[in-house]
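See below for the structure under consideration.
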Amino acid sequence: RPNHHQSQSGSTPWQNPLCSRGLSTRRELYERDFPVYKQPVEVGCFSLDSERRFFNDSRQLRYYAEPDRNPHFDLKDGYKDRYVKRDENLKEKLDHILRWILSHCPYVDFVTWRGHLTKLLTTPYEAREGWLLAVTRFRGTLYISEVETEASRRERENRTERHAEMMYWGYKFEQYTCADNVHSLPDPGGVVNTNEGFCTVVQTRLSDHRLLFSGEVDCRDKDPKAPAPPACYVELKTSLEITTPKQFKLIKWWAQSFLPGVPRVVAGFRDHDGVVVAVETFPVSKMSQLIKNCWKPTVCMNFCCDFLSFVKQTATEDDPGVVYLFSFEPHRDVTYSIHRDSQYSFLPHWYVDEITR
Ligand code: 0WD
Ligand code: CA
């Protein structure tokens, strides 16, 4: 039977954010000096091909081809006839990262996807979507893997045709702006296959937490004299709002790129009909100034840091079959429950066996 540790929802201002039962998500508790966040270092990479097969190399890395400032990219093109969509019912959990770890054997405190850390960074500002993060301690390392919430599964299964098509638009923008190699040009007539991806693996430290995480990278600067990764990487986005996107969207953009040290985001501003009419580059270092009064990077980083301390303090049993399930709902504290050999266990046998060998 799961062991539920609930905490009070309406926390009081004097509450210690690291109390024994839950973790407060109130912003004002995290307004202190920016924590130490070491310059992220790329320690490796991997690629996933058109059939989602893993390769321990950069074969899927693409090159940024700077478009016209006012292009007329039709993002709807090819949705019906040149689109191969990744199977969203297949939950890969941390499997690709674990495969990478087996051939490199780094020792760290935490292993996770960059996307999971992005969700942690934005939690104090999140008013709409909750999350579930499964944590397992194995040989001292804490592995963090997301579990789809009921709400998110329902939303995925009840997606409108319009929403499904709009999800394609982001990938189509990548196809208009990325080339397969330094000397080639983008091929907007090709097939968009969302199985394909290039992921960087970075190591860094947040306060006393040594982190290893992987994140998907859209493309890199094609100048061979560009700085080494991750400084040469470019994140691509599309947005409806011309000139500056919505505030909350900007926090997410900042958090996602700041974590792995990606310095610039290229935004394609589109109309309601999926046509990109303007392209603009945003340096990640300037993003926080764009919205200074609304959100603070220090709150994001301090919350993430305290969450990781909370996890270290809570997930004490070192056992690949034990999952500590951390749960967040907007305007509530983070709480957790413990599950032994349950549906939540996520470290695969091939990984556990190889590490234990
Ligand atoms: O199983 C899961 N719940 C997840 C799996 C959640 C998040 C990621 N993944 C895996 C996939 O294997 C994917 O290849 O992570 C990879 C991407 O990881 P990430 O970089 O940590 O994820 P995130 O920062 O959330 O997203 C980066 C990009 C997205 O671009 P935009 O511009 O929309 O942020 O990765 C893509 C998407 O293009 N992406 C995904 N690709 C495959 N599976 C997924 C996903 N679940 N989520 C986002
Ligand atoms: Ca992107």
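Order of listing sets the numbers, starting from 1, for every ligand and every atom in it. Numbering of residues begins at 1 and proceeds along the displayed sequence.
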What atoms of ligand 1 come closer than 4.0 angstrom to any heavy atom of [X]?
X	value
Arg52	11 (C), 12 (O), 13 (C), 14 (O), 42 (C)
Gly215	20 (O)
Leu236	32 (O)
Glu146	3 (N), 6 (C)
Gln256	23 (P), 24 (O), 26 (O), 27 (C), 34 (O)
Ser214	21 (O)

Donor-acceptor contact present, side-chain [X] to main-chain [Y], <3.5 Å:
X	Y	result
Ser257	Trp254	no
Arg205	Tyr37	no
Ser207	His209	no

Taking 4.0 angstrom as the limit, do [X] and [Y] come out as a salt bridge?
X	Y	result
Lys91	Glu148	yes
Arg32	Asp306	yes
Arg62	Glu174	yes

So, [X] and the Ca ion (ligand 2): N/O/S under 3.0 Å, yes or no?
X	answer
Leu236	yes
Asp218	yes
Glu174	no

Location of contacts on Glu148 toward ligand 1, heavy atoms closer than 4.0 Å: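 It is neither; nothing of Glu148 touches ligand 1.
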How does Tyr171 reach ligand 1, by side chain, by backbone, by both or by neither, if only non-hydrogen atoms under 4.0 Å count?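 For Tyr171, only side-chain atoms sit under 4.0 Å from ligand 1.
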Heteroatom distance test ([X], ligand 1): nitrogen or oxygen, under 3.5 angstrom:
X	result
Glu174	no
Glu92	yes
Lys237	yes
His116	no
Trp113	no
Leu48	no
Arg114	yes
Glu235	yes

Identified side chain to side chain contact (heavy atoms under 4.5 Å, CB included) counterpart of Leu347 within the set Asp319, Asp95, Leu98, Val323: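 Of the listed options, the one satisfying the test is Leu98.
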May I ask whether atom 36 (C) of ligand 1 is less than 4.0 Å from at least one protein heavy atom?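 At least one protein heavy atom is under 4.0 Å away.
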Protein heavy atom under 4.0 Å of atom 18 (O) of ligand 1: yes
Heavy-atom pair with the smallest gap, counting every atom of Asp333 and Ser24: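 Taking every non-hydrogen atom into account, OD1-CA, 3.5 Å.
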Search all heavy atoms of Arg220 against all heavy atoms of Ala226 and return the closest pair with its distance. NH2-CB, 3.8 Å
Shortest protein contact, atom 41 (N) of ligand 1 (heavy atom only):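 So the nearest neighbour among protein heavy atoms is Glu216 OE1, 3.7 Å.
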Note the single closest protein heavy atom to atom 1 (O) of ligand 1, along with its residue, its atom name and the distance in Å.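 Here the closest protein heavy atom is Lys93 N, 4.3 Å.
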